[in-house]
Each structure stands twice: as structure tokens, then as C-alpha cells.
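Letters A, B, ... are given to chains in the order of the sequence lines, protein chains preceding strands, and every chain is numbered from 1. Bear in mind that the values here come from a model prediction, so they are computed numbers and not experimental data.
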2 protein chains.
Amino acid sequence: MNAVNIAEHLSSLGLQARAASARMAAATAAQKSRALRALATLLRENGDALQAENAKDTARATAAGLAAPMVDRLKLTPKILEVLAVGCEQLAAMPDIIGEVIGMKQQPSGIRVGQMRVPLGVFGMIFESRPNVTIEAASLSIKSGNACILRGGSEAIESNKALARLVQQALVAAELPPEAVQLVQTTDREAVGRLIAMPEYVDVIIPRGGKGLIERISREAKVPVIKHLDGNCHTYVDDPCDVEMAVKITDNAKTQKYSPCNASEGLLVARGVAKAFLPEIGAIFTAKGVEMRCDAEAKAILQQVRGADLKDATEQDWSEEYLAPIISVKVVEGVDEAIAHINRYSSHHTDAIVTRDHMHAQRFLREVDSASVMVNASTRFADGFEYGLGAEIGISTDKFHARGPVGLEGLTSLKWIVLGNGEVRE
Amino acid sequence: MNAVNIAEHLSSLGLQARAASARMAAATAAQKSRALRALATLLRENGDALQAENAKDTARATAAGLAAPMVDRLKLTPKILEVLAVGCEQLAAMPDIIGEVIGMKQQPSGIRVGQMRVPLGVFGMIFESRPNVTIEAASLSIKSGNACILRGGSEAIESNKALARLVQQALVAAELPPEAVQLVQTTDREAVGRLIAMPEYVDVIIPRGGKGLIERISREAKVPVIKHLDGNCHTYVDDPCDVEMAVKITDNAKTQKYSPCNASEGLLVARGVAKAFLPEIGAIFTAKGVEMRCDAEAKAILQQVRGADLKDATEQDWSEEYLAPIISVKVVEGVDEAIAHINRYSSHHTDAIVTRDHMHAQRFLREVDSASVMVNASTRFADGFEYGLGAEIGISTDKFHARGPVGLEGLTSLKWIVLGNGEVRE
């Protein structure tokens with residue numbers, strides 16, 4: 001497509017999404033569940049056809065010399081399709097939050113005032129590689145009564161097209177408008193620029209991808225962006241604490257998986273427990289091949305761990321999101337210094353304290369300015385499913401609107417409703 | 001100031017505001033109330049000094065040929081100062097919402113997960129003429145535990161400076177950082193451009209002023225904007241309805257005051273009640289000098305009202321915010337057409353239905369996509385005080401974050417808190 005055609009294609013998607021969003025907002029809970037169950041059935045019935053389309057993407061990716069792990073991320077295996085189908089059924093079974101009314105109270109004038117939960121309208125989702133996001137985003141959009149425009153990665157275009165067709169079939173089966181979920185049909189990058197600059201059609205953009213992509217989108221978007229930047233998460237081991245618990249939590253927070261955004265990248269240790277705690281966690285990290293980038297005090301203690309991979313931390317290390325078997329380690333005086341360090345260097349994603357001191361726990365919870373703040377738990381729990389949201393469209397590192405894991409509620413807004421009996425303003 | 005100095009001044013304000021915001025977030029409810037009561041006392045004790053500074057502004061404005069009503073808006077009379085002092089005392093007496101924990105539930109892993117209400121951080125407020133906004137914004141900022149940077153209109157600069165000094169005295173009296181409320185010290189317009197483009201220091205911008213100003217700020221801001229654009233509000237008179245109630249509500253919604261954003265600018269009437277309703281409201285509007293811009297069907301009925309000021313409505317009229325004794329009038333088939341018309345032309349501010357039909361009321365509440373949707377009440381009620389918010393920093397016509405009247409909650413966000421007993425992720 002040329003630039004004019006791209007602009008026309010996106011405007012057409014926007015116009016149809018806006019019209020469909022009004023019908024989705026008025027849809028019944030039963031209709032939305034019906035569409036989600038129909039989608040689950042279609043995913044199961046069309047496994048072969050989906051895999052045939054998917055094979056075109058993986059063949060093209062392999063031919064283009066994409067690395068094997070990247071090709072793997074494109075694959076729609078029968079197992080992945082089943083997980084997607086089960087996800088749709090779980091969403092169908094969840095309570096419908098649209099239309100919920102909260103806080104209805106009578107005011108001195110006689111009017112009763114409350115708030116009603118309603119869909120946001122139209123969201124645009126921009127994502128890379130994995131085609132399952134098409135189904136995850138589409139099913140959350142249907143359940144929350146929104147319309148959406150999806151822009152997947154060019155490597156998965158055939159898979160995404162095939163999946164989007166099934167979504168539209170499922171919508172029609174439930175007498176809902178197929179335009180409630182639309183896929184951008186071109187892989188041209190200009191389409192992204194247009195999608196994020198149509199405030200008349202799109203209410204919010206949710207990008208998923210690398211930091212560079214998300215920064216570019218945030219900079220250029222003409223509508224709000226629910227964005228996830230980096231996850232520089234901390235575990236702070238306080239004095240006093242249960243050292244055994246601290247070791248278990250710190251180990252899990254760093255090594256259970258290295259690539260997720262909620263893995264801890266920084267370890268802070270109160271001076272009073274450093275000599276008891278650091279050698280124990282140091283031995284585990286050393287056994288697992290985790291490099292430790294230390295301040296002088298931590299390094300002096302950790303040098304007793306045989307074979308430990310110790311480096312001197314630089315100023316840059318305190319801000320780093322490694323996503324790798326590397327952790328920064330720093331000894332601090334206590335909870336004050338820990339909170340100050342975290343509020344300065346953390347990416348405000350997720351930070352945890354391990355403590356036995358109730359007042360330290362309360363202060364940490366209140367004063368650490370991050371989307372998730374934890375006491376005596378692993379930062380790896382920062383996740384929509386672990387938080388009981390039932391689903392997750394993304395994680396927000398912003399303070400505005402949705403913060404932290406974003407589930408169905410993050411795709412809604414509250415409007416005011418007023419019930420009167422003929423009251424007028426004096 | 002030259003451009004370099006302005007940039008330095010704003011960066012310095014931003015840096016100090018960011019530091020102060022951490023201390024405000026940790027302040028106790030008692031401290032914040034103490035600051036607000038101290039401010040009330042200072043406003044009462046310093047009436048003469050404030051009026052002396054205010055006289056400089058009004059003298060300058062008069063000399064510059066500003067119209068008398070505009071000069072009046074600048075005035076800090078003893079009565080206005082007393083209203084401001086009482087407002088501070090009322091805020092001091094309100095419950096503190098910071099630290100409120102909601103929805104704490106245990107998850108299958110054993111962790112307990114909930115959300116804690118925390119301040120947004122730093123907001124920037126940009127406003128014109130009336131200096132009382134300095135105190136209103138400062139007091140809301142203190143109560144909500146935020147820091148703020150205020151940019152008032154150049155016409156009120158001496159008054160704003162004097163008021164801001166009192167606010168800082170009150171903060172110090174409560175052992176809170178005076179930098180929690182700062183006033184931009186230059187009237188140069190470049191300062192606004194800089195204030196809205198410092199995401200490192202400012203979390204959200206709240207502009208108050210004309211549509212042109214707000215559109216420009218929204219376009220150029222590098223941070224979220226809580227914005228109030230226009231108020232093209234509607235009253236829809238349904239079939240069946242209590243015609244007497246419909247007349248009373250429509251009259252109030254249009255004529256109680258013409259200039260507020262929540263006055264109705266459009267009147268829709270169901271065909272079945274048009275002949276009974278329109279002549280009655282038409283007579284009232286005619287007596288009050290309200291011009292009616294009608295579709296053909298409404299005009300045909302209203303022509304029986306002697307002396308009625310009738311014009312043919314153009315397409316443009318359906319979108320117009322008159323803020324004047326003018327109203328557009330259209331006959332519609334029923335609730336479907338009314339909802340469609342409103343969702344197309346309304347500014348999504350406030351729209352009301354007058355009806356006896358329960359199902360029409362439910363559909364109108366759910367399907368009209370506006371910040372406030374009302375049944376059998378005047379649109380003039382769309383106001384933070386009438387909604388029981390106790391205070392209002394502005395009205396949002398956005399869907400994202402805060403919608404409609406914005407009180408203290410709109411200046412906060414919810415962060416996730418997790419309480420564990422050593423749980424780790426499997």
C-alpha cells in the first residue's frame with residue numbers, strides 16, 4: 001500500500017471500529033460470553049487450517065534467516081491453540097463488569113449520584129511476533145465491551161489474519177458486529193504512525209514490545225498510551241528479617257526466570273543482616289551462575305563465597321534492567337536509604353521488602369512509589385493472573401489511569417449517573 | 001526572563017516539586033489538615049495586605065483598558081477571601097483518602113493482593129484571570145498529598161504571588177515542605193510550553209481556560225492532560241414523560257445560568273409529546289428572550305407561540321456550545337434517535353433524559369457515552385459539589401483516568417500492594 005492507501009485503510013478501520021464500539025457497549029453479558037465460547041470452538045475446529053497459515057509465516061521467517069528461538073515464538077502449536085481456547089472460555093465464565101454501578105448516594109439536593117462502569121470505546125493494540133496476542137487482545141476486548149484495532153508483527157501476518165477471521169466469525173455468531181475486532185491488513189510501518197494519531201476513532205493505544213518501540217509510540221501518539229517501559233525491580237532485605245525467608249524470596253525473584261519484567265534486578269541489604277544474609281544468597285547465585293555487581297561493602301562480604309562472579313557496580317548498574325543472570329547488590333543503612341534508593345533508581349514497576357518489622361513494612365508500602373509494592377513475597381508475583389484479574393492486557397508503568405497489571409477494568413472507565421425526580425438547580 | 005532563564009526557572013521548580021512530592025506523600029492526615037487550617041487563618045489575617053497586592057493587578061488591568069467585568073473577576077474582596085478560608089477549613093475536615101486500601105483478597109498462591117490510594121505526584125495547573133484558583137488548587141493539592149506548580153494569568157500575578165506566599169507559610173507551619181506549592185514567577189508565555197513538557201518532574205497537567213488554550217496544551221503536552229473542552233449538553237424529553245417536570249427541568253437546564261458548561265445547549269423532543277411540550281417551554285423561552293434554532297418539525301409547532309424568536313437550525317447548530325440565551329430544538333422519533341443524535345453531536349459532557357419509561361431510562365443511562373448521564377434532573381447538576389465530592393479541581397471531558405467532575409480522587413492513583421509470608425512463584 002502507498003501512504004494514501006494506508007491512511008484510507010486506517011480511517012476506514014477507525015470509522016467502523018467507532019460504530020461497532022457503540023453496539024459492543026450495548027451488548028448483553030450473554031452475547032459477549034456467547035462470542036467468546038464460539039471463538040473457543042472455532043479455535044479447536046480450525047486447528048489444521050490455522051497451522052497451515054502459520055506454516056507460511058514460519059517458513060518465511062526461517063528463509064529470512066530469523067533465529068530459531070524467534071521462529072519458535074511465531075508458532076501456533078495445537079497446545080498453544082488449546083490454551084487460547086481455554087482462555088476464551090475462562091473469560092466467558094467471568095462476571096461481566098460493564099454496567100456495574102458504584103457509590104450511588106443521595107445528595108442534599110435530592111438527586112442520587114453514582115458511577116457506572118462502561119467500556120473505554122476503541123483501543124488500538126500494537127504488538128510484535130507472537131500471534132497468540134491476537135486472540136488474547138480480541139477476547140479481552142469482547143469481554144470488556146470495547147472495539148479494537150490490532151496491529152501485529154509483520155512476521156506473523158498470515159497467522160494473525162487467519163485468527164482475526166475466526167474472531168469475526170465468532171462475533172457474527174453472537175449477533176455482534178464483526179468490526180468490533182479488526183486487524184490492520186498491511187505490514188507497512190506507516191500504518192502504526194496513522195493508528196496512533198486518530199483521536200477521532202481510537203481512545204487509547206496499548207503497545208507491547210521493546211522499549212524503543214514503546215518510547216517512539218508514546219512520543220508520537222495523539223491519544224493516551226497504556227505503556228510498559230522497563231522493569232528494574234528491587235528486593236530489599238531489611239533488618240530484622242527471617243534470613244531463610246529472605247534467601248528463598250531473593251533467589252526466586254532473581255533466578256526463577258531471568259527474562260520477565262518482574263524479575264529483580266537489584267538487591268539491597270540492610271547493614272545489620274548483610275553478614276548473615278549475603279554469603280548465603282551469594283552461594284546460591286554462584287551455583288546458578290549469576291553475576292553480582294556490588295558496591296564495596298557488599299563485595300567485601302561476598303568475597304568469602306568461593307568462585308563468586310563479583311564485579312564493581314557502576315552508577316549505571318543501579319538503573320539497569322539486565323533480563324539476564326546478573327544482579328546489582330548494595331548494602332544500605334536501613335529502610336530509609338532503601339526507600340530513597342528505590343525511588344531514585346527503580347523503574348517504578350515492582351519492589352519488595354523482606355522484613356519482620358511492622359513499621360518498616362508499613363512505611364515501605366506507603367512510601368515506595370511503584371506500581372506494585374510487596375512485603376515478604378517475590379517480585380515475580382507482579383502479574384494479572386497472580387493478582388486474580390483473570391486476564392492481563394498488559395502491565396502499566398504509568399500512574400495515570402491504570403497502574404501495574406491491567407485487566408478488564410483497565411479497559412473501562414466510570415461515568416457519572418444521576419437519578420432524579422424532577423430536581424432542578426437552585 | 002529570556003528563554004534560557006525560563007527553562008532554568010521551570011526546571012528548578014520541577015526538581016523541587018518532585019522532591020517535595022515524596023514528603024507530601026508521606027505526610028500524615030493531621031499535618032495536611034494543620035496546613036489547611038493555617039492557610040485559612042492566614043487568609044483572614046492578611047486581608048489588607050492581599051487586597052493591597054490585588055489592587056496593583058486591578059489598577060494595571062484598568063489602565064490597560066480591560067473591560068469592567070474582566071477586572072471584576074480579578075478582585076479579591078473580603079467576601080471572596082472568606083469563602084476561600086472556609087473552603088480550606090472544609091477540606092481540612094474531610095476524610096483523608098490517601099493510604100486507603102481497597103479490595104485486599106487472598107490469592108491461590110497465598111499472597112494477599114489489594115490496592116492502595118496514593119497521590120499522583122506533581123501536577124501542573126494552568127489557569128487564567130481569577131486569583132482564587134491559586135488557593136483552590138493549592139488546598140486540593142495539599143489535601144491529596146501532591147505537589148503542584150501553578151501558572152496563573154499574567155493579569156493576576158501580584159495577587160497570585162501574595163497568595164502563594166501565604167500557602168508556603170502555611171505548609172511550613174505544619175512542618176511540610178514549602179516547595180509543595182510553587183507559583184511560576186514569570187508571566188512569559190514560554191513558561192507554559194516548558195511546564196507541559198517536563199515528564200521527569202510533572203505527572204499531569206490540568207488546564208483551565210478557553211477551548212483554544214486547552215487544545216493547544218493538549219496538542220503540545222508531553223504528559224497526560226486532564227482536560228475540559230466544550231460542554232454541548234442536551235436535554236431529551238421522552239415519550240411518555242411528565243410534561244410539567246420536563247418543562248421545569250428544561251427551563252432550569254437552559255436558563256438558570258447561560259454561561260456554565262453544564263447548561264443545556266440542545267433540546268430533543270420525542271414526536272409523541274412534542275405538541276404538548278414544545279408550546280409550553282417555547283412560551284417560557286420567549287418570555288426569557290431565548291432564541292430557538294429549530295428543525296422544521298419543531299418550528300412548525302413553535303410558530304404558535306406568539307413572539308417566539310425562531311431560526312432554522314443548520315448542521316453546525318447541533319454541535320454548538322452557545323453559552324448564551326440560544327438553544328437548538330429538534331423533534332426525534334424516540335429514544336433511539338435521541339441516543340444516536342447525542343452520541344454523534346454531544347461533547348460527551350452531560351446529557352439528560354426526562355422520562356417515565358423505565359426501559360428508556362436504563363438504555364439512556366447505559367448507551368449515552370457522556371461523562372454525566374442523568375434521568376429526570378437538570379444538566380446544571382454536573383458539578384463536583386453537587387455530586388458530593390466536597391471540592392472540584394476541574395471537569396474532565398476525557399474517558400481516560402478521571403471523567404466528569406474531578407475531586408480529590410482524580411488527583412490520586414491506585415498502586416498494587418502485596419502482603420506475603422515468604423511466598424515464591426512456582
task: Pick whichever of A:G110, A:G422, A:P199 has the most heavy-atom pairs under 4.5 Å with chain B.
output: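 Option with the greatest count: A:G422.
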field: Options A:A377, A:G388, A:A371, ranked by heavy-atom pairs under 4.5 Å with chain B, top entry
entry: A:A371
field: Side-chain (A:K399) to main-chain (B:L120) donor-acceptor, under 3.5 angstrom
entry: yes
message: Please check this pair: side chain of A:W416 against backbone of B:T350, looking for a donor-acceptor N/O pair closer than 3.5 Å.
response: no
query: Should the heavy atoms of other residues, nucleotides or ligands under 6.0 Å from CD of B:E244 be counted, would the total exceed 12?
result: no
Report yes if the side chains of [X] and [Y] come closer than 4.5 Å at any heavy-atom pair, otherwise no.
X: A:F400; Y: B:V204; answer: yes
X: A:V375; Y: B:L419; answer: yes
X: A:F381; Y: B:V113; answer: no
X: A:V118; Y: B:R403; answer: yes
X: A:S370; Y: B:K415; answer: no
X: B:I249; Y: A:V424; answer: yes

- prompt: What residues of residues 353-366 of chain A sit under 4.5 Å from chain B when only non-hydrogen atoms are counted?
  reply: A:L365, A:R366
Can you say whether [X] sits under 4.5 Å from chain A via the side chain, the backbone, both, or neither, judging by heavy atoms?
X: B:D351; answer: neither
X: B:Q256; answer: side chain
X: B:D383; answer: side chain

field: Pair B:R425, A:S378: side-chain N/O donor-acceptor within cut-off below 3.5 Å
entry: no
Check each atom of [X] against the heavy atoms of chain B and say whether the ones under 4.5 Å are side chain, backbone, both or neither.
X: A:L414; result: backbone
X: A:V368; result: backbone
X: A:D398; result: neither
X: A:M374; result: both
X: A:E426; result: backbone
X: A:A27; result: backbone
X: A:A26; result: both
X: A:P405; result: both
X: A:S109; result: side chain

query: So how far is it from A:Y387 OH to B:Q115 CD, rounded to the nearest 0.5 Å?
result: 10.0 Å
field: Distance in Å, A:N421 CG paired with B:D242 CG, rounded so as to fall on 0.5 Å steps
entry: 10.5 Å
query: Taking every heavy-atom pair that is under 4.5 Å apart, which of B:K248, B:M245, B:E386 has the most such pairs with chain A?
result: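 The answer is B:E386.
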field: Option that, when pairs with chain A are counted at under 4.5 Å, heavy atom only, ranks first among B:G404, B:P224, B:A253
entry: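 Maximum pair count with chain A is reached by B:P224.
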